[in-house]
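The structure under discussion appears below in the form of structure tokens.
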Protein chains: 2
Amino acid sequence: MPEQPRGSRPTLEAVAARAGVSRATASRVVNGGDGVRKPLVDKVLQAVDELGYIPNHAARTLVTRRTGAVAVVIAEPETRFFSDPFFSQQIRGISKELTAHDTQLVLLLVEGPGDFDRIARYLAGGHVDGALAFSLHTDDPVPAITRRAGIPAVYGGRPSWTADPGDQAVPYVDADNRGGARLAVRYLRDLGRTRIAHIAGPADQTSAMDRLDGYRDVLLDGDPTLVADGAFTVESGARAMTELLERHPDLDAVFAANDLMASGALRVLRERGIAVPEQVALVGFDDMDSVATETDPPLTTVGQEIEGMGRLMARLLLRALDRERTGSGEVPESVITPTTLVRRASA
Amino acid sequence: MPEQPRGSRPTLEAVAARAGVSRATASRVVNGGDGVRKPLVDKVLQAVDELGYIPNHAARTLVTRRTGAVAVVIAEPETRFFSDPFFSQQIRGISKELTAHDTQLVLLLVEGPGDFDRIARYLAGGHVDGALAFSLHTDDPVPAITRRAGIPAVYGGRPSWTADPGDQAVPYVDADNRGGARLAVRYLRDLGRTRIAHIAGPADQTSAMDRLDGYRDVLLDGDPTLVADGAFTVESGARAMTELLERHPDLDAVFAANDLMASGALRVLRERGIAVPEQVALVGFDDMDSVATETDPPLTTVGQEIEGMGRLMARLLLRALDRERTGSGEVPESVITPTTLVRRASA
DNA sequence: GACAGCCCTGAGAGCGCTTCCATCGGGCTC
DNA sequence: GAGCCCGATGGAAGCGCTCTCAGGGCTGTC
């Protein structure tokens with residue numbers, strides 16, 4: 001590839017001239033070559049090669065009205081985006097899928113609540129063909145923004161407003177939190193544990209609520225005081241565990257709504273000299289590498305296909321874009337991805 | 001803002017018509033309004049408002065040859081990108097700075113060594129005005145790519161090929177690793193410790209080597225067997241500590257090249273019943289939230305302005321872009337950001 | 001009162017590409 | 001052998017914008 005002094009790159013015109021064809025034909029070849037006879041295709045390709053031609057993206061977008069890029073909107077306050085491998089892993093999955101379809105990823109980090117204007121302008125400005133968004137809270141403006149901008153969107157995690165009839169179904173990808181929780185609690189029950197407590201996550205996150213629901217599904221007439229509230233952090237897990245032990249010194253199992261809280265709980269149990277899993281069996285959720293395998297004992301937990309979820313999100317969006325372009329194809333529907341019990345030593 | 005049925009957004013033409021001015025004047029107003037008389041400016045702005053006009057980015061890029069976007073290239077194998085809050089925090093800083101200058105962030109994750117072609121095509125394709133890149137190994141093709149693409153770039157972390165005379169200076173932003181290491185080791189020495197060991201990072205990362213150099217700066221005629229090799233991971237830190245204790249059961253201080261290794265070392269020390277900091281004082285590097293404050297005792301470590309480094313990278317790149325556009329302005333130069341000793345309980 | 005000069009404004013070219021439509025040529029059919 | 005149809009090709013329009021350039025109105029000066 002010849003080095004190009006920026007700003008003077010060869011145009012399609014030049015390629016066409018060199019190949020001795022019209023710009024139209026050159027364009028056809030560059031875009032797949034359908035309906036162009038082989039010898040001409042070869043000539044054009046050779047010219048492309050010799051000249052080091054690279055299509056001008058802006059010109060193409062101007063006429064096709066497609067940018068070949070999608071936005072990933074992250075509205076999460078920084079704390080979570082930083083510490084949570086969840087996001088980065090999903091992004092990796094998204095990136096892989098998009099890359100495989102020649103689509104670019106534009107990262108939009110929301111810098112505080114006042115920043116949504118900027119996001120709205122950007123999404124409506126024709127910079128991207130669609131959007132992937134994470135972590136919507138009840139009053140999250142992102143759905144309204146994408147609707148107004150008229151671009152397809154796919155969400156990561158079940159939005160809490162799903163039930164809102166005002167919104168047409170916005171497809172989302174979420175793990176089977178409820179099913180995973182059931183798996184965990186049934187496992188503890190099958191272990192013969194009878195006083196199974198739960199450390200729940202924050203009430204404004206659907207994943208936390210779904211996990212709580214799953215817990216309740218299995219323990220239909222469970223004692224409500226066996227449930228303590230946490231905030232998905234190590235510290236909150238420790239606090240919740242302390243609380244639970246005060247209320248129920250005799251509990252014999254704990255299902256924590258995520259691994260971080262489980263590790264906090266584990267610390268408290270260890271400090272009190274309570275043997276895990278002998279006296280209290282402990283199950284987490286997430287199968288977070290850096291936590292679940294590092295604790296002592298390693299956590300039994302509920303695993304999910306995080307990267308796969310990212311891929312899936314991207315795939316759904318690409319499908320929606322395709323539908324928009326061709327006017328046909330399947331309507332993307334939300335997907336719940338399976339969760340599995342990962343047995344380690346803590347239960 | 002009126003809802004726009006995608007694809008039929010108002011154009012500048014429409015705005016001009018509604019305001020009763022020419023397209024040229026409308027354009028001038030939209031781009032700042034210099035040299036347009038107040039009443040016309042107002043009329044145009046009103047039309048913009050009423051119509052919900054948003055400039056078409058592709059059209060603008062086509063003529064200005066500027067995209068208003070920069071790429072962030074992450075060539076790190078996924079393991080590190082995931083676990084390392086370093087990256088996400090720098091990205092946050094980059095995002096903030098770019099946002100403040102109306103510039104978008106396109107994330108380019110390199111999916112394996114064969115993927116550089118795609119990156120090269122992308123960077124050369126006029127999709128972005130410049131690039132920020134992380135973590136260059138000696139044979140990293142990214143510098144060559146950006147040079148060939150003719151776009152300015154700024155690197156995060158001192159590239160190992162800095163000394164290569166073939167490359168014109170590519171500006172980079174790096175923490176003062178060497179100075180930080182000196183700070184740590186001097187601190188230990190001033191504490192009265194005489195047998196100060198070092199757990200070093202991998203030799204192919206300049207940060208690790210710089211920290212080692214800083215250690216040596218202070219301990220000029222130090223015993224080389226007081227240095228053990230690690231790989232910036234918890235496990236490797238534990239291994240290195242074990243090794244050091246075997247070689248030097250009487251050591252009274254350890255400076256680990258990062259917090260993860262320090263936490264591994266701490267685990268080993270605790271297992272052996274060695275009191276920290278009483279018997280062995282321990283200092284880490286990075287001041288990584290999720291580690292340094294969570295250990296018991298919390299780590300004394302060397303802190304750096306991670307988000308600030310991200311901002312700085314973005315700022316340098318924006319400056320380079322500005323220079324390119326205006327033909328003047330300061331030449332961006334590499335910056336070494338200061339490090340500070342953060343005293344906690346481990347030393 | 002006339003003219004120079006300045007500031008605003010508008011006309012128009014053109015950025016590089018895709019795509020509609022007309023054209024052309026070759027192979028078939030009768 | 002003439003007419004037809006179809007597939008391949010080229011001409012040209014136009015996507016929405018910026019920016020140069022020329023012109024028009026106004027002020028200020030002599």
Side-chain angles (χ1 to χ4, degrees), chain A residues 4 6-45 47-48 51-68 102 121 124-127 129 325-326, chain B residues 4 6-45 47-48 51-68 102 124-127 129 325-327:
Chain A
Q4 296 304 337
R6 160 122 148 132
S8 68
R9 272 197 290 270
T11 68
L12 237 207
E13 187 74 53
V15 171
R18 187 179 191 101
V21 301
S22 73
R23 208 168 58 233
T25 297
S27 170
R28 279 188 273 264
V29 171
V30 168
N31 290 289
D34 293 344
V36 178
R37 246 183 296 240
K38 189 73 167 47
L40 283 198
V41 170
D42 291 343
K43 262 202 274 189
V44 172
L45 289 181
V48 164
L51 260 35
Y53 171 74
I54 297 176
N56 179 310
H57 182 246
R60 182 176 277 177
T61 295
L62 184 57
V63 32
T64 60
R65 288 152 180 296
R66 272 178 297 113
T67 63
D102 261 325
R121 231 175 312 123
H127 293 74
D129 299 330
R325 196 156 44 83
T326 63
Chain B
Q4 296 304 336
R6 161 123 146 133
S8 67
R9 269 199 291 272
T11 68
L12 236 207
E13 187 75 51
V15 171
R18 186 178 191 100
V21 301
S22 73
R23 206 168 61 233
T25 297
S27 171
R28 279 188 273 261
V29 172
V30 168
N31 290 289
D34 293 345
V36 178
R37 244 183 297 238
K38 189 72 168 42
L40 283 198
V41 170
D42 291 343
K43 263 203 273 190
V44 172
L45 288 181
V48 164
L51 262 36
Y53 170 75
I54 297 178
N56 179 310
H57 183 246
R60 183 176 275 176
T61 295
L62 184 57
V63 30
T64 60
R65 287 151 181 298
R66 271 178 297 116
T67 64
D102 260 325
H127 293 74
D129 300 331
R325 196 156 44 83
T326 63

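When reading the values below, keep in mind they use all heavy atoms of this one structure, side chains included, and skip hydrogens, waters and symmetry mates. Each chain gets a letter, A, B and so on, in the order the sequences are listed, and its residues count up from 1.
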Minimum heavy-atom distance A:Tyr53-A:Thr11, with the two atoms named: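 Where A:Tyr53 meets A:Thr11 most closely, the heavy atoms are CE1-C, 3.5 Å.
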Where do B:Ala26 and B:Val21 come nearest, in terms of heavy atoms and distance?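 Here B:Ala26 and B:Val21 meet closest at N-CG2, 4.1 Å.
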Would you say that B:Val29 contacts B:Leu40 through its side chain, given a criterion of any heavy-atom pair below 4.5 Å between the two side chains?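 They are not in side-chain contact.
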Pairwise side-chain contact, B:Leu51 with B:Arg18, heavy-atom cut-off 4.5 Å (strictly under):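 Sidechains of B:Arg18 and B:Leu51: in contact.
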Nearest-angstrom distance from the residue atom [atom1] of [X] to [atom2] of [N]:
X	N	atom1	atom2	value
B:Arg66	D:dT18	CZ	P	10 Å
A:Leu12	C:dT19	CG	P	12 Å
B:His57	D:dC17	NE2	C1'	12 Å
A:Asp34	C:dT19	CG	C1'	14 Å
A:Arg9	C:dC15	CZ	C1'	13 Å
B:Arg60	C:dG14	CZ	C1'	17 Å
A:Glu13	C:dC15	CD	C1'	13 Å

The contact string for nucleotides 9-15 of chain D, one letter per nucleotide 5' to 3', using protein heavy atoms under 4.0 Å with B, S and - for base, sugar-phosphate only and none, comes out as BBB-B-B
Interatomic spacing from NE2 in B:His57 to CG in A:Leu62 - rounded to 0.5 Å: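 Between atom NE2 of B:His57 and atom CG of A:Leu62 there are 12.0 Å.
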Report the distance from atom NE2 of A:His127 to atom CG of B:Asn56, rounding to the nearest 0.5 Å.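 A:His127 atom NE2 to B:Asn56 atom CG measures 9.0 Å (nearest 0.5 Å).
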I want to check one thing: is the phosphate of D:dT18, taken as OP1 and OP2, less than 4.0 Å away from some side-chain N or O of B:Ser27?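 Checking B:Ser27 against D:dT18: at least one side-chain N or O falls below 4.0 Å of OP1 or OP2.
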Could you list the residues that satisfy side chain to side chain donor-acceptor pair (under 3.5 Å) with A:Arg23, not counting sequence neighbours?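 Partners of A:Arg23 by the side chain to side chain donor-acceptor pair (under 3.5 Å) criterion, ordered by chain and then number, come out as A:Glu13.
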Check whether B:Asp129 reaches the backbone of B:Arg66 with its side chain - one donor and one acceptor, N or O, closer than 3.5 Å.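 Not confirmed, B:Asp129 side chain does not pair with B:Arg66 backbone.
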I need the single residue from A:Asn31, A:Val30, A:Thr25 that forms a side chain to side chain contact (heavy atoms under 4.5 Å, CB included) with A:Ser27. Which is it?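 Among A:Asn31, A:Val30, A:Thr25, the one meeting side chain to side chain contact (heavy atoms under 4.5 Å, CB included) with A:Ser27 is A:Asn31.
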So how far off straight is the helix from C:dG1-D:dC30 to C:dC30-D:dG1, going by the axes through five pairs at either end, to 10°?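 Result, rounded to 10 degrees: 50°.
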